[in-house]
Amino acid sequence: MPKIPPPKGTRDLYPLEAARRRWLSERWRRVAIRHGFEEVDGPTFETTDLYAVKSGEGILGELFQAYSGKDPRDIERIRGGEAAPFAMRPEFTPSLARMYAERARTLPSPCKWFQIGPFFRAERPQRGRLREFLQWNVDVLGLEGGFTTEGTENTEAKARMDAELIACCAGFLKEVGLSSDDVKIHVNDRMMLEEVMRESGVPDVQFDPILAHLDRIGKIPKERWEEEAKALGCPVSLIAWISGEVTAPSTMEQRHESMTHAATTSFRSMDMLRSTLFPLLSDHGLDDDWVFQDVRIVRGLAYYTGTVFEVIADGERAVAGGGRYDNLIELFGGPATPAVGFAMGDVGISLLLQDKGLMPSDTELMEEIGARPDVFVISTYEDLDPLATRLLAMLRREGLHARRSYRATRNEKKLLGEASRPPHNARVAIILDSPTQVTVKDLDAAIQQTVDQTVDIGPGFDDLLTLLAQHHAPRP
RNA sequence: GUGGCCGUAGCUCAGUUGGUUAGAGCACCUGGUUGUGGUCCAGGAAGUCGCGGGUUCGAAUCCCGUCGGUCACCCCA
């Protein structure tokens with residue numbers, strides 16, 4: 001049989017890699033739950049139309065398309081250049097919007113949901129970017145105490161939800177040991193940019209193209225970026241401002257100053273972030289060292305309507321991003337609902353944690369995901385093997401994670417070595433070297449006790465369990 | 001999807017200007033040894049040199065294609 005390699009941009013996860021990914025997703029889940037989010041999930045493939053609803057072209061080309069093969073008309077349509085009826089999900093937001101819209105009336109407000117699962121994009125793979133990856137999605141839908149979409153009084157309520165969301169994201173970063181030296185949360189507000197444009201007389205229809213272009217700063221030569229920005233009708237003052245930030249980022253106060261002089265409306269919007277969101281973030285324990293305004297952050301997606309943010313490591317790599325999308329739920333047939341969310345992929349964050357040496361050791365990893373063996377049973381004589389098997393069965397019935405060796409050797413030293421090293425790293429070894437004697441050895445503490453009792457009858461086994469409990473490291 | 005670089009054992013890599021049966025370390029398996037846990041010794045298994053074609057008396061080595069990885073573009077939900 002010819003070798004069939006895994007598809008491009010996918011991964012085979014061997015035990016250690018699977019353990020690492022499990023560890024990460026457990027941390028995601030733990031942090032989200034701690035912050036009061038509920039777990040949801042949807043299908044891993046959706047009707048293609050679901051993804052056409054919002055931003056069209058950009059996404060459609062990155063879809064892995066799918067069809068059942070049962071309906072010949074599907075194949076005809078695909079041959080005719082149409083999209084297949086289904087698509088592997090490239091993101092969660094459309095599914096989330098649909099789910100929320102479906103039950104909006106009975107859901108709490110705000111509705112705090114998170115999701116963890118695989119996503120698929122038919123892009124060309126690169127380091128930190130695969131075609132199948134795990135993603136953590138966290139969203140706050142609606143505002144506290146009900147809401148209306150219009151009115152500036154909601155501005156503060158929205159900011160409170162923005163802050164909660166960002167706090168959850170930061171909570172994870174802190175949870176895995178990242179410091180504000182490692183990562184920064186760059187925050188911006190699209191409204192502010194739009195107001196600058198509006199004041200300069202830029203027509204509304206140009207907003208999205210200009211914002212999309214602003215997002216490209218730093219990715220193409222500066223001069224070309226400026227020229228193209230001008231061509232799109234972007235105000236010269238805005239170009240100069242953002243462009244200037246690249247070479248010489250200013251402090252909050254300096255920006256505040258310059259905005260004060262630049263325009264009154266812009267000032268109001270600018271001041272909003274400064275006076276509303278950032279104090280709230282500070283209440284959540286996020287000060288200037290963690291979070292700051294960065295006018296360069298725009299986010300490519302057209303559906304963002306207000307706050308946008310990215311978690312950027314070492315000033316380059318973005319490991320998470322999100323923002324406010326107040327129009328999307330309505331677009332999916334739900335009641336007009338302000339919402340804010342972010343996503344983090346497993347690939348980028350894992351690379352970062354590896355680089356920073358923050359990925360736990362193999363033993364810690366197994367410990368944390370509950371895969372570290374409690375007991376490793378060793379029998380040094382063939383005659384004792386049946387006893388060892390009975391002992392394993394009894395231990396497992398007690399709910400203990402018990403393993404044995406499958407080696408041919410009876411060399412006690414080698415078997416102990418095996419028990420205490422990867423991939424086992426057992427906590428305790430039980431050594432059977434006599435039918436009436438059992439030795440319990442704590443492999444972490446390097447202490448052992450020998451008991452003169454057979455273990456496969458009641459009293460002896462109870463004593464053994466007591467002994468094990470004494471040597472047992474508390475479970476996580 | 002477009003272009004540059006890379007591709008030798010599970011992993012990290014050696015392989016001289018193309019020249020016999022392709023090597024090492026780690027890991028794996030077996031046996032021994034050191035008083036029961038990362039020592040030491042001996043042995044073993046493991047590679048169609050990514051795959052396919054071409055040049056040549058002869059290709060891991062040169063050429064083309066292809067697959068995969070990586071970097072840039074694109075995109076970043």
Side-chain angles (χ1 to χ4, degrees), chain A residues 2-12 14-17 46 50-51 53-63 87-97 115 119-131 133 135-137 139 212 215-216 219-221 224 297-304 308 310-312 317-323 325 328 341-345 347-348 351 362-363 376 378 380 405-431 433 439-450:
Chain A
K3 279 183 190 168
I4 301 174
K8 183 199 294 214
T10 64
R11 302 168 278 186
D12 288 333
Y14 291 90
L16 194 55
E17 291 135 19
E46 289 275 10
L50 187 73
Y51 300 114
V53 171
K54 59 174 207 193
S55 43
E57 301 167 39
I59 289 173
L60 217 61
E62 312 289 356
L63 288 180
M88 307 295 290
R89 64 181 178 189
E91 59 165 325
F92 192 60
T93 310
S95 305
L96 177 89
Q115 180 272 351
F119 291 86
F120 311 86
R121 293 176 195 171
E123 297 175 299
R124 184 131 178 209
Q126 275 182 39
R127 182 177 167 81
R129 179 168 114 181
L130 297 173
R131 289 181 156 193
F133 52 92
Q135 190 166 274
W136 182 38
N137 294 283
D139 294 87
D215 191 46
R216 296 171 40 131
K219 292 168 185 173
I220 59 176
R224 205 177 106 209
I297 301 296
V298 179
R299 307 284 296 161
L301 250 54
Y303 62 67
Y304 287 120
V308 286
E310 286 181 9
V311 177
I312 297 178
R317 195 156 62 191
V319 294
Y325 52 98
L328 210 58
F342 76 88
M344 181 185 293
V347 188
L351 284 172
D362 299 356
T363 308
F376 197 91
I378 290 168
T380 55
S405 176
Y406 296 96
R407 290 178 188 240
T409 184
R410 297 289 168 177
N411 185 321
E412 206 165 308
K413 180 187 168 78
K414 286 199 172 166
L415 293 171
L416 273 170
E418 183 189 7
S420 61
R421 272 177 302 201
H424 304 296
N425 295 116
R427 296 175 216 276
V428 173
I430 294 180
I431 305 164
D433 47 12
T439 299
V440 174
K441 188 177 179 73
D442 185 318
L443 294 170
D444 288 336
I447 52 175
Q448 68 179 49
Q449 285 184 56
T450 302

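Quick note on labels: first sequence line is chain A, next is B, and so on, each numbered from 1.
Partners of A:Ser420 according to the side chain to side chain donor-acceptor pair (under 3.5 Å) rule, which considers only residues two or more places apart in sequence or in another chain, do not exist here. Residues forming a side-chain contact (heavy atoms from CB on, under 4.5 Å) with A:Tyr406 (at least two apart in sequence, or on another chain): A:Arg404. Checked against salt bridge (charged side-chain N to carboxylate O under 4.0 Å, His left out), A:Glu412 has no partners two or more places apart in sequence or in another chain. Considering only residues two or more places apart in sequence or on other chains, A:Tyr304 meets the side chain to side chain donor-acceptor pair (under 3.5 Å) condition with none of them. In this structure A:Thr380 satisfies the side chain to side chain donor-acceptor pair (under 3.5 Å) test with no other residue, sequence neighbours excluded. Not counting sequence neighbours, A:Arg121 has no partner by the salt bridge (charged side-chain N to carboxylate O under 4.0 Å, His left out) test. With sequence neighbours left out, A:Arg11 forms a side chain to side chain donor-acceptor pair (under 3.5 Å) with A:Asp346. With sequence neighbours excluded, the residues forming a ring pair (Phe, Tyr, Trp, His ring centres under 6.0 Å) with A:Phe376 are A:His424, listed by chain and number.
Of the C1' atoms belonging to B:rG23 and B:rA46, the separation is 13 Å, rounded to the nearest Å. Taking atom P in both B:rA42 and B:rU33, one finds a spacing of 16 Å when rounded to whole Å. Nucleotides B:rC63 and B:rG10 have their C1' atoms positioned 32 Å apart, rounded to a whole Å.
Taking for each of A:Asn137 and A:Thr439 the nucleotide of RNA chain B with the nearest heavy atom, the 5'-most of the two is the partner of A:Thr439. Judged by closest nucleotide on RNA chain B, A:Glu412 is the one of A:Arg127 and A:Glu412 placed further toward the 5' end.
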*Which letters describe nucleotides 29-34 of chain B, given B = protein heavy atom under 4.0 Å from base, S = only from sugar-phosphate, - = neither?*
SSBBBB

*asked:* For a quick check, with a 4.0 angstrom heavy-atom cut-off, what is the B/S/- contact string for nucleotides 1-9 of chain B, read 5' to 3'?
replied: BBB------

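When heavy atoms are screened at a 4.0 angstrom cut-off, A:Gly348 is found touching no nucleic acid atom at all. Using a 4.0 Å heavy-atom cutoff across all strands shown, A:Pro422 reaches at least one base atom of the nucleic acid.
Contact detail for A:Gly9 and A:Leu130: the closest heavy-atom pair is O-CB, 3.3 Å. Here the shortest heavy-atom pairing between A:Arg131 and A:Ala122 reads NH2-O, 3.9 Å. A:Ser405 approaches A:Leu415 most closely through the heavy-atom pair OG-CD2, 3.3 Å.
You'll find that the side chain of A:Glu62 is closest to B:rC75, out of B:rG38, B:rG37, B:rC75.
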For nucleotides 43-45 of chain B, give me every protein contact, N/O to N/O, under 3.5 Å, one pair per line with atom names.
none

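The shortest side-chain heavy-atom distance between A:Leu96 and A:Asn137 does not fall under the 4.5 Å cut-off.
A distance-only check finds no donor-acceptor pair linking the side chain of A:Arg129 to the backbone of A:Pro125 [under 3.5 Å].
Helical stems in RNA chain B, defined as runs of 3 or more consecutive Watson-Crick or G-U wobble pairs with both donor-acceptor distances under 3.5 Å, are listed by first residue as B:1-7 with B:67-73, B:10-13 with B:23-26, B:28-32 with B:40-44, B:50-54 with B:62-66.
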